[in-house]
Amino acid sequence: QVQLVESGGGLVQAGGSLRLSCAASVRTLSRYAMGWFRQAPGKERELVGAIGWSAGSTYLADSVKGRFTISRDNAKNTVYLQMNSLKPEDTAVYYCAAARALGTVVADSDYDYWGQGTQVTVSS
């Protein structure tokens with residue numbers, strides 16, 4: 001069983017930055033592909049970014065390209081989402097997820113473990 005705990009969310013003004021962290025309770029995080037999702041009120045959950053086991057492959061949604069960066073530190077069992085130039089439409093609950101796979105995973109149905117989420121609110 002893998003437990004994921006997100007942190008780093010909060011309230012920020014438009015144009016500001018936040019860095020989300022996802023700490024995983026696993027022996028070897030490198031065995032898992034990781035992803036960040038978000039869900040805004042009244043909207044479906046969407047993939048924000050995904051990263052393969054070695055960080056050699058990454059995916060970012062078009063809506064966040066150029067503003068967000070996904071990275072991982074397998075030695076610390078932690079995945080990060082650096083969010084810059086935040087916009088009000090980035091407001092959502094952000095979830096970390098882990099998949100028993102090595103490459104980049106983009107389908108939420110392919111993820112096996114989910115965190116509880118952290119709220120990000122961007123004010124205009």
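Quantities reported herein were computed from a predicted structural model and do not represent experimental measurements.
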J.: Just do the side chain to side chain donor-acceptor pair (under 3.5 Å) check on Asp73 and Thr78 with the steps written out, would you?
T.: CA-CA 5 Å; Asp73 186 337; Thr78 303; over 6 Å; no

J.: Donor-acceptor pair, distance only, cut-off 3.5 Å: does the side chain of Asn77 make one with the backbone of Val26?
T.: yes

J.: Counting only N and O atoms by type, is there a donor-acceptor contact under 3.5 Å from the side chain of Ser25 to the main-chain atoms of Gln3?
T.: yes

J.: Kindly work out whether a path of hydrophobic side-chain contacts (I/L/V/M/F/W/Y, heavy atoms less than 4.5 Å apart) joins Val93 to Tyr80.
T.: no

J.: Under 3.5 Å, side chain of Thr91 to main-chain N/O of Val122, donor-acceptor pair present?
T.: yes

J.: So does Gln116 have more than 12 non-hydrogen atoms from other groups sitting under 6.0 Å from CD?
T.: no

J.: When clusters are formed by joining ILVMFWY residues with side-chain heavy atoms under 4.5 Å apart, either directly or through shared neighbours, do Trp36 and Leu29 land in the same one?
T.: yes

J.: Just by modelled atom types, is the Cys96 backbone N or O under 3.5 Å from a matching donor or acceptor in the Glu6 side chain?
T.: yes

J.: With Arg67, which residues qualify under side chain to side chain contact (heavy atoms under 4.5 Å, CB included), at least two apart?
T.: Val64, Ser85, Lys87, Asp90

J.: Counting C-beta onward and ignoring hydrogens, is there a side-chain heavy-atom pair between Thr118 and Leu20 closer than 4.5 Å?
T.: yes

J.: Determine whether a donor-acceptor pair (N or O, by modelled atom type, separation under 3.5 Å) exists between the side chain of Tyr111 and the backbone of Arg100.
T.: no

J.: On the 0 to 90° scale, with breaks at 30° and 60°, tag the Tyr95-Trp114 ring pair as parallel, tilted or perpendicular.
T.: perpendicular

J.: Any heavy-atom pair between the side chains of Met34 and Leu4 that's under 4.5 Å?
T.: yes

J.: Looking at CG of Asn74 and CZ of Arg31, how far apart are the two atoms once the value is rounded to the nearest 0.5 Å?
T.: 12.0 Å

